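In what follows, a single structure is set out as structure tokens and then discussed.
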Amino acid sequence: MAAAKKTAAPKSVAAAKAEATESPTTFEHAGMTFSVPAPLDMPLDLLEATDELEAVRLIVGEESWAEYRATRPSIRDFQALADKVNTAQAGSGN
């Protein structure tokens with residue numbers, strides 16, 4: 001009997017490329033361009049984040065976060081941003 005083959009969760013092509021090259025991944029949301037650092041370049045404080053809001057803020061950086069907050073986003077819009085951040089860093093092992 002053949003052993004079950006492990007399959008990795010699918011990654012976006014951009015996230016896989018960023019992981020391989022250790023370069024940031026960028027994406028568009030709310031008319032802004034966000035940059036997600038390569039996995040080993042994520043801020044250390046991310047390991048102590050206690051909720052998704054804090055994690056997203058740390059990942060996108062203070063400047064982008066302040067610009068995003070200035071748009072007065074809804075919870076629905078934040079959920080969409082968080083999904084994009086998760087997709088962008090999908091290859092980071094987080």
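Predicted, not measured: the structure shown is a model, and the values here were computed from it.
Scored by the side chain to side chain donor-acceptor pair (under 3.5 Å) test, Glu52 finds no partners at all (sequence neighbours excluded). Legend: residues meeting side chain to side chain donor-acceptor pair (under 3.5 Å) with Glu63, ordered by chain and number and at least two apart, are absent. Applying the side chain to side chain donor-acceptor pair (under 3.5 Å) criterion to Asp45, with sequence neighbours excluded, gives no partner residue. Every residue meeting the side chain to side chain contact (heavy atoms under 4.5 Å, CB included) condition with Thr50, not counting sequence neighbours, appears here in chain and number order: Glu54. Shown here are the side chain to side chain donor-acceptor pair (under 3.5 Å) partners of Glu62, two or more places apart in sequence or in another chain: Arg57.
Looking at Phe34 and Ile59, their side chains never come closer than 4.5 Å, going by heavy atoms from C-beta outward. Considering only heavy atoms from C-beta on, Thr25 stays 4.5 Å or farther from Ser35 through its side chain. Looking only at side-chain heavy atoms (C-beta outward), Lys84 and Val36 stay at 4.5 Å or farther from each other.
Annotation for Glu28: atom CD counts as buried by contact number, over 12 foreign heavy atoms lying within 6.0 Å.
Pairs engaging residues 35-62 under the ring pair (Phe, Tyr, Trp, His ring centres under 6.0 Å) rule: none recorded [sequence neighbours left out].
Atom CD of residue Glu67 and atom OG1 of residue Thr33 lie 9.0 Å apart, to the nearest 0.5 angstrom. Here CD of Glu22 is found 6.0 Å from CG of Leu40. Values are rounded to the nearest 0.5 Å.
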Donor-acceptor contacts under 3.5 Å from residues 71-78 side chains, at least two apart:
from: Thr71; atom 1: OG1; to: Tyr68; atom 2: O; distance (Å): 2.6
from: Ser74; atom 1: OG; to: Arg76; atom 2: N; distance (Å): 3.4
from: Ser74; atom 1: OG; to: Asp77; atom 2: N; distance (Å): 3.0
from: Asp77; atom 1: OD1; to: His29; atom 2: NE2; distance (Å): 3.2
from: Asp77; atom 1: OD2; to: His29; atom 2: NE2; distance (Å): 3.2
from: Asp77; atom 1: OD2; to: Tyr68; atom 2: OH; distance (Å): 2.6

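The two residues Pro43 and Leu58 have their closest heavy-atom pair at CG-O, 3.4 Å.
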